There are 2 protein chains.
Amino acid sequence: MNGKKISVKDIAEMCNVSVATVSRVINQNGRFSQETEEKVKKVIEKYNFKPNQLAKGLRENKTKAVGIMVPDIGNEYFAKIILSLQTFLFSKGYSLVIYNTNESAEIEKQCVSYLVAQNVSGIIIVNSKTSVFKQLNKDIPTIYIDEYDRYTDVGNVAWLSSDHFQGGYLAAQELIDCKCRDLVVITALKESTVTKIRTNGFVAACEERGISLQKERIFSPSKVDFNEGKTIVKRIIGSGMHFDGIFCQTDWLAAGALEALLDKGIQVPDQVSLVGFDGISISQFGRMPITTIVQDTALIGKKAAKLVLRMIEEQKKTKKQHILVPINLVRRKTTRKK
Amino acid sequence: MNGKKISVKDIAEMCNVSVATVSRVINQNGRFSQETEEKVKKVIEKYNFKPNQLAKGLRENKTKAVGIMVPDIGNEYFAKIILSLQTFLFSKGYSLVIYNTNESAEIEKQCVSYLVAQNVSGIIIVNSKTSVFKQLNKDIPTIYIDEYDRYTDVGNVAWLSSDHFQGGYLAAQELIDCKCRDLVVITALKESTVTKIRTNGFVAACEERGISLQKERIFSPSKVDFNEGKTIVKRIIGSGMHFDGIFCQTDWLAAGALEALLDKGIQVPDQVSLVGFDGISISQFGRMPITTIVQDTALIGKKAAKLVLRMIEEQKKTKKQHILVPINLVRRKTTRKK
DNA sequence: TTGAAAGCGCTAACAG
DNA sequence: CTGTTAGCGCTTTCAA
């Protein structure tokens with residue numbers, strides 16, 4: 001507290017033991033008499049001593065830190081994942097260092113540099129767009145959430161995501177159950193793998209039920225936000241295309257779409273049904289509560305944390321794996337079964 | 001990349017210079033010939049070498065990392081601050097390690113331990129409820145956002161927040177301008193200093209304009225969320241208390257309040273005007289766009305980052321300071337001037 | 001302008 | 001059961 005920070009050496013001196021002994025009782029390995037243990041513990045307690053993690057990390061060539069890279073912490077979906085992740089890691093004594101890439105490939109690269117220079121023991125990459133993997137030291141456990149690098153075929157890597165196919169499937173099912181026949185989908189980001197998977201699930205359900213969905217009924221926005229959803233739906237309406245069901249692959253898109261519908265005096269769900277995706281709060285508390293496919297961010301975060309910790313601890317490369325997290329439809333006011 | 005990680009020593013050998021020289025060119029201090037500089041730089045470039053930050057930190061007894069402690073990353077207000085903070089820190093070569101306290105005093109304490117053991121160079125504490133300060137090494141620059149510890153009268157500490165008084169003041173002014181006379185306020189967390197300041201600002205404006213606001217018209221929720229806002233307003237309506245203007249000290253509260261009003265068939269803003277606080281997205285995209293006092297999270301984050309960096313760099317204790325960030329009212333559909 | 005060497009705080013191998 | 005010591009990768013005197 002007062003100026004100089006205390007170290008194992010200080011503790012050792014005060015206890016009349018060696019630093020090695022102190023280290024042993026701190027880490028509870030090796031042998032020591034109960035007597036010394038108590039003596040040392042007492043002094044540690046008294047001075048509220050915490051071993052310097054930098055030194056420990058340097059020595060052991062590993063740290064109790066994992067890094068995460070997300071496109072946008074301000075986005076509720078990512079924030080919730082981080083929340084869950086951090087909570088779990090913390091309970092295991094790990095800390096989380098966080099990088100926001102703002103979707104920039106440039107920044108992503110820099111982040112990775114930082115991460116390895118900082119000696120994090122594990123890396124979690126959410127929704128990366130660039131093939132950042134080549135930069136990574138292949139020894140450090142890395143787990144991708146959602147988007148993943150298809151070239152990720154070497155090294156200590158895993159991939160985790162919601163069951164997006166099932167998500168798309170459920171959305172189509174719901175719309176069809178509501179007797180919608182003329183479907184329209186507004187996808188998430190075009191280049192994204194996740195987008196494709198969701199769309200595939202949607203299309204699969206349509207085909208199963210004998211509903212056709214032409215290509216020109218699938219719209220890909222340039223951004224994924226409220227205004228974009230609104231704009232696209234207005235444009236669709238303007239074009240005269242008939243539709244009675246919309247699947248928006250993002251709740252923000254759905255919220256915008258909903259507003260466009262309501263503005264035009266279209267009854268929801270009577271004339272048009274709407275299903276969103278993500279399960280963030282706007283789906284619950286927007287203009288109208290929106291039926292949506294909710295991703296279990298708490299579970300995603302927890303599973304990711306567990307996995308990365310396991311990979312760190314086992315050290316030996318865990319076999320490559322892809323973990324699928326279940327996804328659910330929550331029915332609210334924008335759909336009604338008929 | 002292949003197994004072993006490269007170090008200054010390796011670089012030195014490859015260049016036929018000493019590690020000292022390598023270190024010098026990396027950090028651009030001391031002298032070296034242009035020739036050696038180029039040679040060394042080339043090799044560093046070639047191997048994409050990044051100095052081990054653990055070793056550097058250990059040696060220099062400081063790190064390029066700052067820690068932040070927030071109650072809930074999932075909360076948009078905090079998330080946006082973190083976003084801005086991280087972005088700025090990153091641009092200066094610093095990383096951000098993040099802790100979620102979940103409002104638990106127990107966890108807060110642990111977090112602080114972790115933070116100092118990790119040798120972060122600066123700490124940012126958002127909305128801490130407990131007097132966590134005593135635990136802190138007083139040498140490490142600490143900045144409080146919003147709530148601050150009144151016992152914080154020693155050490156390298158600063159305090160930063162929105163101008164909450166002005167926020168409360170503006171809210172009252174708006175309501176009064178809308179010809180509301182029977183005001184009601186639903187505060188944020190009762191124990192919070194910020195709550196008191198907002199309320200003070202509100203009351204000050206009322207008094208200035210000759211509007212009275214009795215104590216029993218100020219409600220303090222036990223939680224600060226949608227449902228609580230809704231419940232309280234329903235209860236007020238049920239009690240028969242007359243009111244024509246509500247100030248909710250949180251947008252979530254306001255959103256809930258709005259729903260209660262609408263559910264009861266009360267016209268907003270014709271019968272009752274409503275002002276929220278924070279400026280998060282629910283205020284913009286909820287049932288109705290809510291007039292609110294918006295906090296400039298981008299600015300808060302940036303100022304906090306700048307301040308903590310300055311404190312770290314100057315090292316000498318900066319004089320104690322309190323930075324006030326301007327706050328604004330954004331008028332939307334829940335108020336209309338008369 | 002450069003190199004040799006000490007040392008940051010810690011752990012682990014080895015010796016006792 | 002405990003102590004001595006080397007060394008993790010880096011920066012920084014001090015000396016050349």
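For clarity, every value in this text was computed on a predicted model and none was experimentally measured. Hydrogens, waters and symmetry mates play no part in the numbers below; they use all other heavy atoms, side chains included. Within every chain, numbering begins at 1; the chains are lettered A, B, ... in the order of the sequence lines, protein sequences first and strands thereafter.
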Between [X] ([atom1]) and [N] ([atom2]), how many Å, whole number?
X: N61(B); N: dC10(C); atom1: CG; atom2: C1'; answer: 14 Å
X: E60(B); N: dC8(D); atom1: CD; atom2: P; answer: 19 Å
X: N119(A); N: dG9(D); atom1: CG; atom2: P; answer: 9 Å
X: K56(B); N: dC8(C); atom1: NZ; atom2: C1'; answer: 14 Å
X: Q118(A); N: dG9(D); atom1: CD; atom2: P; answer: 17 Å
X: K5(B); N: dC10(D); atom1: NZ; atom2: P; answer: 9 Å
X: R59(A); N: dG7(C); atom1: CZ; atom2: P; answer: 18 Å
X: K64(B); N: dC10(D); atom1: NZ; atom2: P; answer: 16 Å

By a strict heavy-atom criterion of less than 4.0 Å, which residues belonging to residues 8-19 of chain A are in contact with DNA chain C?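 Hits under 4.0 Å, by residue number: V8(A).
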Taking the side chain from [X] and the backbone from [Y], do they hold a donor-acceptor pair closer than 3.5 Å?
X: S162(B); Y: Q295(B); answer: no
X: S84(B); Y: A298(B); answer: yes
X: N75(A); Y: Y77(A); answer: yes

Out of K42(A), R24(A), Q28(A), which one pairs with E37(A) under the side chain to side chain donor-acceptor pair (under 3.5 Å) rule?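 Of the listed residues K42(A), R24(A), Q28(A), the side chain to side chain donor-acceptor pair (under 3.5 Å) partner of E37(A) is Q28(A).
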As a test of reading the structure: which of dC10(D), dT2(D), dC8(C) is closest to the side chain of P51(B), going by heavy atoms?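 The answer is dC10(D).
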Compare the minimum distances between each of dA12(C), dC8(C), dC10(D) and the side chain of L58(B), then state the nucleotide with the smallest one.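 Nearest listed nucleotide: dC8(C).
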Do I98(A) and V97(B) have side-chain heavy atoms sitting under 4.5 Å apart?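 Heavy-atom side-chain distance check fails, nothing below 4.5 Å.
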Is any side-chain heavy atom of T87(A) less than 4.5 Å from a side-chain heavy atom of L85(A)?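 Sidechains of L85(A) and T87(A): no contact.
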Could you pull out all residues at least two apart from E76(A) that satisfy side chain to side chain donor-acceptor pair (under 3.5 Å)?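 In terms of side chain to side chain donor-acceptor pair (under 3.5 Å), with neighbours along the sequence ignored, E76(A) is linked to S281(A).
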Check the pair E45(A), K41(A) against salt bridge (charged side-chain N to carboxylate O under 4.0 Å, His left out), reporting the backbone distance first and the verdict last. CA-CA 6 Å; E45(A) 182 85 14; K41(A) 276 190 168 170; over 6 Å; no
Which angle, to the nearest 10 degrees, lies between the helix axes at the two ends of the helix from dT1(C)-dA16(D) to dG16(C)-dC1(D), each defined by five pairs?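 End axes: 40° apart.
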Would you say [Y] and [X] are linked by a side-chain donor-acceptor pair, where the criterion is simply a distance under 3.5 Å?
X: T193(A); Y: E147(A); value: yes
X: T101(A); Y: S104(A); value: no
X: Q53(A); Y: T63(A); value: no

When the aromatic ring centroids of F90(A) and Y114(B) are compared, is their separation below 6.0 Å?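 Yes, the ring of F90(A) comes within the 6.0 Å limit of the ring of Y114(B), centre to centre.
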Minimum heavy-atom distance M311(A)-P141(A), with the two atoms named: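 Where M311(A) meets P141(A) most closely, the heavy atoms are CB-CB, 3.7 Å.
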Name all residues meeting the salt bridge (charged side-chain N to carboxylate O under 4.0 Å, His left out) criterion together with K50(B); count only those two or more places apart in sequence or in a different chain, and write none if there are none.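 So K50(B) forms no salt bridge (charged side-chain N to carboxylate O under 4.0 Å, His left out) with any residue.
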Look at all strands and tell whether T21(B) reaches a base, only sugar-phosphate, or nothing, counting heavy atoms closer than 4.0 Å.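 Sugar-phosphate, no base atom in range.
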Which parts of residues 33-46 of chain A get close to DNA chain D, meaning a heavy atom less than 4.0 angstrom away?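 Output list: S33(A), T36(A).
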Heavy atom of residues 25-32 of chain B under 4.0 Å from DNA chain D: which residues?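 Hits under 4.0 Å, by residue number: N27(B), N29(B).
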Quick check: any donor-acceptor pair below 3.5 Å linking the side-chain of R24(A) to the base of dG3(D)?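 Indeed there is one.
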Below 4.0 Å: OP1/OP2 of dG9(D) and any side-chain N or O of S7(B):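 For dG9(D), OP1/OP2 do not have a side-chain N/O of S7(B) under 4.0 Å.
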